[in-house]
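Just so we're on the same page: letters track the sequence lines, and every chain starts at 1. Note that these values count all heavy atoms, side chains included, but never hydrogens, waters or copies made by symmetry.
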Amino acid sequence: MSFYDIPRRSALLAMALTLAVPTLGAAQGDPKMGGTLKISHSTRIATLNVLSLSGPAEYPVIDMAYSGLTRIGPDSQPMPDLAESWEGSADATEFTFHLREGVTFHDGTPATASDVVATYEAILNPDVPASAASVLNMIDSVEAVDDLTVKFSLKTPFADFPTSTAHANARIMSEEALAGDHAMLETVVNGTGPFKMESYDSARITRLVRNDDYFIEGKPYLDAVEMHLFPDLAAETTNFLSGDIDVMLLVQQADYERISSAPGVNALRVPSGRYVNVVMRFDQEPFNDLRVREALAYAIDRQLLVDLVLEGLGRPAHDNILSPEFRFRIDTPEKNYDPERAKALLAEAGYPDGLKLDLVASNRPAIRAQVAIAIKQMALPAGFDINVETMPHDTYLANVWRKGGFYMAYWGMQPTEDATFNLLLTSNASYEDTGWANAEFDALVQAGRSTTIESERADAYTKAQELMLAELPYIIAFYEDVLTASRENVQGYTLNPINRYFYLENVWLDE
Amino acid sequence: MPKAFRAAAGMTGLGLLLLVMGAAIFGPFVAPYDPQTFHPAARLQGPSATHWLGTDQFGRDLLSRLLNGAPSTVFFGLGATLLGVGAGSIIGVIAGTAGGWIDSVIMRILDGLLAVPELLFTLLIVTFLGGGMGQAMLAVAIAFTPGMARIARSSVLSIRTREYVLAAVARGERSHYIVLREVLPNAVGPIIVEATIRVAFAIMIGATLGFLGLGAQPPSTEWGLMVAEARQFMFRNAWTVAVPGVAIAMAAMGFNLFGDALRDSLDPRRSR
Amino acid sequence: MTLGYLVRRLLAVILVLFVVTFAVFAITMILPGNAAVMILGEYGTDEAVAALESRLGLNRPWYIQYLDWIGGILQGDLGQSLRLSLPVADVVGDAFWNSASLAVTALVSVTVIAIPLGVLAAIKRGTVADLVIGMFSYIGASMPEFVTATLLLIFLAGPALGLFPAGGFVSLGESVGGFSSHVVLPAATLGLILTAHISRQVRSEMSEVLSSDYIRAARLKGLRERRVIRRHALPNSLAPAVAVISLDIGYLLGGIIVVEEIFAWPGLGRLLIYALENRDLPVIQAITLVLATVYALSNLLSDIVIAILDPRVRYA
Amino acid sequence: MAGANTHGDGVDTPVLEVAGYSLRYATPSGPIHALKNIDLRVAHGQTHGLVGESGSGKSSLAWAILRYLPENAIENDGRLLLSGESLRDRTLSQILEIRGRRISMVFQDPSTSLNPAMRLGEQLSEVLIRHRGLTSQEALEESEAALARTGIAKPKDMLRRYPHEASGGEKQRVVIATAFACNPELIVFDEPTTALDTITAQQILELFNQLQDETSISALYISHDLGLVSRVADVVSVISSGEIVESGTCAEVFQTPRDDYTKALLGAVPNPKQWLGVTEPPPEAPALMSAKGVTVEYGRQSLVGQLLAPKPTHLGAQDVSIEVRKGELVGLVGESGSGKSTMGKVLSGLQDFDGSVRFGDRNFARLSEIDRTYRRAVQIVFQHPDASLNPRQRVREILSRPLKLYDIVPPKERAERIANLLEQVRLPREFADRLPHQLSGGEKQRVAIARAFAAEPELVICDEITASLDVSVQASVAELLMNLQRQTGTACLFITHDLNLVRQLAHRICVMQHGRLMDTFHRDDAERPDRNPYTRALLKAVPPPASQAA
């Protein structure tokens, strides 16, 4: 496909990823133009504000309507988007992006460097709620060198910067829109993406139509894309199977087998680094004792958990926050289910008669409670008497998250090692929730981000992972696959494991 | 209804009620398996000799879960009704016996509350109480209170004008004697009948809240929650949905039939 | 039954509604979390939450927010949805018409089915027909909507038969056929419990009427049974039936919440669940107001219909 | 045999002949024999009175004749002949042709036998449309004429009304007009005046006699009231427990009753000339209780109540003054709604009032001033025996309440006192263990009376205590009351609508109408020509029963 051929000018990020992204329904013949693609989803598209949206069904919409400077490609590498090419300084503190010529927003105004600057200034503005802010907080300044050139200066060296600019919430908006009332961003879409917003009904259907002026010649192929909302999963599945819907955005594990074996359907399973983790606070009894954390780790049958909760659609994890998709991920020693060893560890830690614990799980999404219940059952023989307390999400967010001593969290895959560590584990991480605060770990992560020398980065990240596995801030039992499905006539549909990039400009309908 | 049918319906109701109450009281003790134990090798199976009603997605025995969930489901209905009927009766009796402006004020407030549909009212309360079994029970009880207060009041009012009550008043009996000995014992009939039928309704609302994720929370075996959890798997094993669903319907039907039979026996003229 | 009485009743309801909305407002403020927390979820940093709170106006004292809201209502402005970033009037308005189309379909079909069933059962007292209708009504009245809906989904919309779409919505304006096929299952779910209830009530009213002195008198006048039923018995049993139907609208408005959620019907019920989950207070308030007003109006309407059917009430 | 006469065989064929007819109802607790071997004939142009108490089977006979029997009815092979034709052989559709056209019926209570949702005109004319094939226009015109014959002033206007817009008398006239509409061979009257006021009942009775004279229709007139039957019927049959115990012309039956039951029945009919009461206290005896200018306004509300749910008010009693002397029995007479029961409630401390009530040497100006001393001294007995006893209390508990409350006898002696009380009201002492539903109506009323006298009151208010009882029971309850009064010297205010009864018992009589006291007179002055016109109208409406009149 055409964008693979675009020359990469990034010297820093010539990475090769082990993961081969599966693409279903190998394209038969030349793409055909036209047609409307119907996508079903089960969560609402509550807002279209690029800066703050976070809903699973909101990402495909902005992925269609907006472009970022860069974008994460199907190979999980940053690929050109609005920026045709980029280069970084050797010390990784300065990055220059070169924009495509002649790109216009959907309303016809040209997209230039000043729009990029306005967008990044909005993201970095502390008064504006912006999801990408925590990933881009190393930016010191951004300036428009000329109409088509943008230069970023960073406070600290950061090798993965072009990956950060690909953040799904860092799409380029027009300077004019950002200068106006930000409330308008909630409903009014003016991007540079392959599709234009036609109608937005948050309760039912959101419809986008082809952007004839899209900057990649000949794309998109489709005339329109419709996002249909089905809050009930059973209803969504049934409608998809009956052929009313072309793409089912997210397939539940429980339905995957049934859907994949249905005639006329291509089910797509993308291995991903998404995980449910057990949070244990280092500053609270009894988890301040490593032996307790380890005991729990050995009290979990990870393969069984994958089979029961994920219907086998995932991979057992052994507490490494990095999944095999990550380049610098080390071979992680397997922790086999060993209740006896767990029991011994508990006894060593001073709990020979077992331990009574309350494990909190938010009721959304249901997988948190499911994993918690499974852990409760598996840990019983090891002497853990776990009482699962399921609570409404709002109560959880207000009272438990980042405060509670023992609860279930759920995170999607991040694009880089650095983003992953800085999201949760470093002492100044955005969502630091364990109280681990390990200076050595912080230094290793810092070392990894600031050097551009491959071997040094590998060394730093390896040590960081070893330290993490030894200290065991989280129990991570599995990586969950991303599941989606399409009708047979849908060609070129694929997903990124991060599940925020959808490449719908490549999709066409083979009638 | 013809006598024979009425009798049969009453017996069916009584039978269902005994079954459901039996499950609620003894269920957890007679359950063949632990309701939370996983049987990974036997997931989502239909009825078999080892699992009489089949298993769910974790291979948990459905019969055991059903039996274990009976107390929370049935006692939810009973508890919510009892609370609602208790509070409602107190308010209704106060309004009915006090009369005058107290009655007027109470009745206006009740009229207003009755203007909010019951399930909506319950949902609002339970959301703001924060979800969970106890909160849901309280919410249903609060939602029941206005209706019960109205029934209690009208029952008290109709008894209050009976001649034996007037005779007691004329005789100079103290008001607590009149309320407790003359009015209440005779006013409880309609209240009890209404309460019985409301238990059915409370069970249904409780299950609905569980289903919507606002009532019982996992790993509870409350029946409404069982349906909600099983919905994902309903096409793979319809038993997981049907078993708790039918159980809820049976419990509700038992109370409905029994309540109607009770009403008939207390007031043979009315056939509704 | 005077106009003044109707107006007073309506005023009383409105008064109480405001008490309810006030209570809702006050309680939400006591609880942890708010719409901003829910919108940002786990990705919300403290700063982001604070920024969003200030943009949504959630950092103001609750009574100011409430007074603001009341002020808006009095000017016909329901405010802005916190989660959906749309005017509440638009969101709730669209949902209202969608719900109405479902509710009216259900109610009309139920009335058309349930009243004749109830009459039939009353006339054929003690026969097999009565028995079957009686059993049906007990089963119907004991099935929560979510159970009925799930069973209907499995058997009628599932891969086995696939007679109807499993969910979704096509408005009447778009396609009558599309609307009809989508409305069948949700309306049938709502209809089961209502049919059970209404037919039972009609049967009981009708039985009572049929055993009344004036029906005996009519029969002893030598009138044909058809006239006795149609002219003498029916009008007298319909008035109580209408009262029951209006009470059932309360059930209907509750049932619609569950049914819409299951069948993806973009109405008030589904919106309510969404708003409740996201602590979207203006939307919750507006829906409470709308549903309760509809209920109050339907009760009022039924009183008027009863007055038309029953001359005693009309002039009382 | 009369039944051998064929149809149209001249005047000898009775319009109705019932011969050897028996009827029973199958119930789960065994059959109930409603009618036993009934023989009854109604000759052409004759009015046949059928007299019996409640449960005697008189209504069952009416339903049998009209072929309107419940499913559990089992008949023997007795005959039911209408003008010689067997009604029992008719199919349902043939019966439907006969009902309303050849046999019609007038019911007890016009307010329940008329359809509330239909205009009176339609209810009358539908018979004409059905049986005489008239168009609705013709039927309406005919209805108007029929209604005019019943003495309705503006028949056209009446036809347009709904039942609730007409008075009881007017409604009953519509029912009668409907019954006469098709000139039937036989009309069955089922207690057509029982639910009406005395004066209205009298008017309906006159109407019946007038129409009977005009049309010489044959009628079966069912009633519990011997006096009433004597005024309309040519021939009377007395029915008791499903059997006709006596039959004959009015004169025969009333003058020379042969059957014991008939005799008892006749004896029980109150006769104003037959004094049963106690010795009258001397005229100069002081007043025990005197009410002065008592006014009662119903529906009066507090300020809040008026704001929240204003209701109209109406006067229950207006400026009423009544006096009762020690040992005296004062009758308080009036139609329903006249305010007599309101006065009963005021005097027994159940209803707030304006004005003053003086008792002994104490004065009470409103309800809240009425205290336990007063309540002990003034006791009340109510109308409905079914409602006046708490269904969940045993007779012992019911009777012990006043004993405990006023500490009449020491606790040890209570059981004995209860037994005495029961004996005083002529009930076996074992009845102390019974619940009210195990007693008959008359027995319940005796318990209620015993409860009133248990408090050893100075004044007993009897509010229609005989109205819900059968005639024969009425008499014994009245007699019992007199005995008790004789023994205890208690004064009594006897509230009733039955002038004949009260004239047997009361020393003085007060008459109320529309909440006002119309007249107060000594019993000896009842028939003086200068009596109040309303009193005269009342007296005229209840002439003494036939045995005395004839």
Side-chain angles (χ1 to χ4, degrees), chain C residues 1-2 4-13 15-16 123-127 130 205-242 305-316, chain D residues 62-63 65-68 70-71 92-120 122-131 160-165 171 174-175 178-179 181-182 184 187-188 190 195 307-311:
Chain C
M1 189 78 186
T2 60
Y5 167 75
L6 298 183
V7 170
R8 256 191 297 121
R9 256 188 55 180
L10 208 57
L11 284 178
V13 168
L15 197 74
V16 170
I123 296 172
K124 304 272 176 198
R125 261 176 93 115
T127 63
D130 184 21
E205 297 297 343
M206 190 75 181
S207 307
E208 209 152 286
V209 168
L210 284 178
S211 63
S212 69
D213 284 0
Y214 58 83
I215 292 299
R216 191 174 66 190
R219 285 183 172 146
L220 291 180
K221 281 198 257 182
L223 299 179
R224 289 201 175 86
E225 192 62 13
R226 209 176 52 200
R227 181 171 170 89
V228 172
I229 300 293
R230 287 198 188 161
R231 189 64 193 90
H232 285 260
L234 253 187
N236 283 293
S237 52
L238 280 188
V242 168
V305 173
I306 289 168
I308 292 169
L309 286 173
D310 188 340
R312 280 167 299 182
V313 179
R314 196 182 313 165
Y315 300 101
Chain D
W63 303 137
I65 292 166
L66 281 146
R67 310 305 303 144
Y68 192 78
E71 275 170 25
L92 179 63
S93 64
Q94 286 170 327
I95 289 293
L96 286 181
E97 296 292 332
I98 291 171
R99 284 182 195 158
R101 196 179 76 185
R102 294 180 61 194
I103 312 177
S104 59
M105 188 156 178
V106 174
F107 306 89
Q108 177 172 355
D109 188 351
S111 60
T112 60
S113 63
L114 286 169
N115 189 328
M118 278 170 80
R119 290 177 199 277
L120 294 171
E122 189 179 352
Q123 304 199 45
L124 206 171
S125 62
E126 65 181 350
V127 186
L128 296 164
I129 297 170
R130 166 81 172 100
H131 294 299
R160 274 197 297 271
R161 294 197 192 171
Y162 283 99
H164 70 277
E165 298 168 296
K171 281 186 270 193
V174 172
V175 174
T178 312
C182 296
I187 302 183
V188 177
D190 185 7
L307 278 175
L308 290 173
K311 276 180 273 193

Which atom of C:Y214 lies closest to which atom of D:P116, heavy atoms considered: CE2-CD, 3.4 Å
Whether D:E122 and C:R227 form a salt bridge (side-chain N of Lys/Arg under 4.0 Å from carboxylate O of Asp/Glu) is what I want to check. yes
C:A233, C:S212, C:A217: which one forms the most heavy-atom pairs within less than 4.5 Å of chain D? C:A217
Which value, rounded to the nearest 0.5 Å, describes the distance between C:R219 atom CZ and D:Y68 atom OH? 4.5 Å
Quick one: do D:E126 and C:K221 satisfy side chain to side chain contact (heavy atoms under 4.5 Å, CB included)? Show the steps, please. CA-CA 9 Å; D:E126 65 181 350; C:K221 281 198 257 182; 2.9 Å; yes
Are any side-chain N or O atoms of D:R101 and backbone N or O atoms of C:G222, one a donor and one an acceptor, separated by less than 3.5 Å? no
Atom CZ of C:R231 and atom CG of D:N115: how far apart are they, to the nearest 0.5 Å? 7.5 Å
So which part of D:S93 gets closer than 4.5 Å to some heavy atom of chain C, the side chain, the backbone, both or neither? neither
Short side-chain to backbone donor-acceptor contact, C:H232 and D:M118, under 3.5 Å: no
For D:P163, which residues count as a side-chain contact (heavy atoms from CB on, under 4.5 Å) partner, sequence neighbours excluded? D:L114, D:L120, D:Q123, D:K171
Residues in side-chain contact (heavy atoms from CB on, under 4.5 Å) contact with D:A195, at least two apart in sequence or another chain: D:D109
Rounded distance [0.5 Å steps], OG1 in D:T112 versus CD1 in C:I215: 12.0 Å
